[in-house]
Asker: 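One structure follows; several queries about it will come next.
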Amino acid sequence: MRICGVDITGNDAILCLMEFKDGLMSLPDCRTVRVQLVKDQELENMRKFQFAMAKLAEDYKIEKFVIRERAQKGKFAGSAVGFKIEAALQLIPTVDTVIATNAAMKLKLAANPIPIDFKETGLKGFQEVAFTTAYAYLIN
C-alpha cells in the first residue's frame, strides 16, 4: 500500500510518500514535498491545487492521503485555508482521504516506535510530522 502523509501548515500541504510492501516500509522519491495554495479565495487557484494533488496521486499511485488532524477551535486551531486544503483533498474522487487523530497516532507510536532516527530518512526537517503521520497509519 502506498500512502501520502500530509501535514497542513498555513497554506501549505507538506507531503511524505510511504509504502508498505512485503512487510517492509520504504520512502519512495517524490517530485515535490510541499504544495502551496496561494490566494485561496480564487476558484481557479483551488482547482489548480486540487488538480496538482490528484495528478500527484495518479503519477505515484497513491492509494490514500493521511492528514494529521488539526483542532477546529481553541489556541491551536487550524486556519481556514488549512481546512480548505483538507476539503480539497477529501473531494478528490480517485483517492481515499483519512484524518489521523492525534490520540490514535500517539497510542500507535507508543506501541510501535519509529525504528530509525528521522535524520537517517533523508527527508527534510519540515517533513517530520507528515512522515510520523504516514508511519502511524501504516503500522495498523
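All values below were derived from every heavy atom in this structure, side-chain atoms included, with hydrogens, water molecules and symmetry-related copies excluded.
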Asker: Which value, rounded to the nearest 0.5 Å, describes the distance between Gln90 atom CD and Asp96 atom CG?
Answerer: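 That separation rounds to 11.0 Å.
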Asker: What are the two closest heavy atoms between Ala88 and Ile92, and how far apart are they?
Answerer: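 Nearest pair, atom of Ala88 first, then Ile92: O-CG1, 3.4 Å.
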Asker: Would you mind reporting whether Leu109 and Ile114 have side-chain heavy atoms less than 4.5 Å apart?
Answerer: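 Yes, at least one pair of side-chain atoms sits under 4.5 Å.
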Asker: Side-chain contact, heavy-atom cut-off 4.5 Å: Ile3 with Phe65?
Answerer: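 Not in contact.
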Asker: Measure the spacing between CG of Leu24 and CG of Asp22 and express it to the nearest 0.5 Å.
Answerer: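 The distance works out to 7.0 Å.
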Asker: With the side chain counted from C-beta on, respond yes when Asn112 and Tyr135 share a heavy-atom pair under 4.5 Å apart, and no when they do not.
Answerer: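 The answer is yes; the side chains approach within 4.5 Å.
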Asker: Identify the two heavy atoms, one from Gln36 and one from Val38, that lie closest to each other, and give their separation to 0.1 Å.
Answerer: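 Between these two residues, the closest heavy atoms are OE1-CG2, 3.6 Å.
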Asker: Any chance CZ of Phe118 has more than 12 other-residue heavy atoms, nucleotides or ligands included, within less than 6.0 Å?
Answerer: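 Enclosed: over 12 neighbouring heavy atoms sit under 6.0 Å from CZ of Phe118.
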Asker: Output, in order, the C-alpha distance, side-chain angles, deciding distance and verdict of side-chain contact (heavy atoms from CB on, under 4.5 Å) for Ile139 and Met25.
Answerer: CA-CA 10 Å; Ile139 59 174; Met25 288 192 193; 3.6 Å; yes
Asker: Taking all non-hydrogen atoms of both residues, which atom of Pro28 and which atom of Leu17 are closest, and how far apart?
Answerer: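 It is CD-O, 3.7 Å.
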Asker: Restricting to non-hydrogen atoms, name the atom on Leu89 and the atom on Ile67 that form the minimum distance, rounded to 0.1 Å.
Answerer: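 Nearest pair, atom of Leu89 first, then Ile67: CD1-CD1, 3.7 Å.
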Asker: Between Val33 and Phe126, does the side-chain contact (heavy atoms from CB on, under 4.5 Å) criterion hold? Intermediate values first, please.
Answerer: CA-CA 9 Å; Val33 294; Phe126 62 85; 3.6 Å; yes
Asker: Show the numbers, then the answer: is there a side-chain contact (heavy atoms from CB on, under 4.5 Å) between Asp7 and Gln127?
Answerer: CA-CA 8 Å; Asp7 178 32; Gln127 290 179 278; over 6 Å; no
Asker: Considering only heavy atoms from C-beta outward, does the side chain of Arg31 approach that of Tyr60 to under 4.5 Å?
Answerer: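 Result yes, sub-4.5 Å side-chain heavy-atom pair found.
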Asker: Tell me, do Asn45 and Asp40 make a side-chain contact under 4.5 Å, heavy atoms counted?
Answerer: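 They are not in contact (no side-chain heavy atoms under 4.5 Å apart), so the answer is no.
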Asker: Could you tell me which non-hydrogen atom of Gly10 sits nearest to which non-hydrogen atom of Ile85, and how far apart they are?
Answerer: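 What the structure gives for the nearest pair is O-CD1, 4.3 Å.
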Asker: Would the number of heavy atoms belonging to other residues, nucleotides or ligands and lying under 6.0 Å from CG of Asp29 be above 12?
Answerer: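 No, because the 6.0 Å sphere around CG of Asp29 holds 12 heavy atoms or fewer from other groups.
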Asker: Taking all atoms of both residues into account, what is the closest heavy-atom pair of Ala100 and Met105, and its distance?
Answerer: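 For Ala100 versus Met105, the nearest heavy atoms are CB-SD, 3.7 Å.
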Asker: Please tell me if the side chains of Met1 and Glu19 come closer than 4.5 Å, counting only heavy atoms from C-beta onward.
Answerer: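 SC-SC contact between Met1 and Glu19 ruled out.
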Asker: Nearest 0.5 angstrom please: Lys106 NZ to Thr132 OG1, how far?
Answerer: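 Reported value, rounded in 0.5 Å steps: 13.0 Å.
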Asker: Rounded to the nearest 0.5 Å, how far apart are CG of Leu27 and SG of Cys16?
Answerer: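 Nearest 0.5 Å value for the CG-SG distance: 5.0 Å.
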Asker: Establish, yes or no, whether the cationic atom of Arg70 lies under 6.0 Å from the six-membered ring centre of Phe83 and within 45° of the ring axis.
Answerer: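 Relative to the ring axis of Phe83, which defines the angle, Arg70 lies inside both limits.
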Asker: Would Leu15 and Val35 count as a side-chain contact (heavy atoms from CB on, under 4.5 Å) here? Give the steps.
Answerer: CA-CA 8 Å; Leu15 313 172; Val35 179; 3.9 Å; yes
Asker: Please round to the nearest 0.5 Å and tell me the distance separating atom CG of Leu37 and atom CD of Gln50.
Answerer: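 Here the rounded value is 11.0 Å.
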Asker: Contact between Arg68 and Val129 at the side-chain level, heavy atoms closer than 4.5 Å - yes or no?
Answerer: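 The answer is yes; the side chains approach within 4.5 Å.
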Asker: Are the side chains of Leu91 and Thr97 in contact, using a 4.5 Å heavy-atom criterion?
Answerer: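 Contact flag for Thr97/Leu91 side chains = no.
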Asker: Report the distance from atom OG1 of Thr9 to atom CD1 of Ile14, rounding to the nearest 0.5 Å.
Answerer: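 Result: 3.5 Å between the selected atoms.
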Asker: Donor-acceptor check, side chain of Thr32 to backbone of Arg34, threshold 3.5 angstrom: yes or no?
Answerer: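 Such a contact is found between Thr32 side chain and Arg34 backbone.
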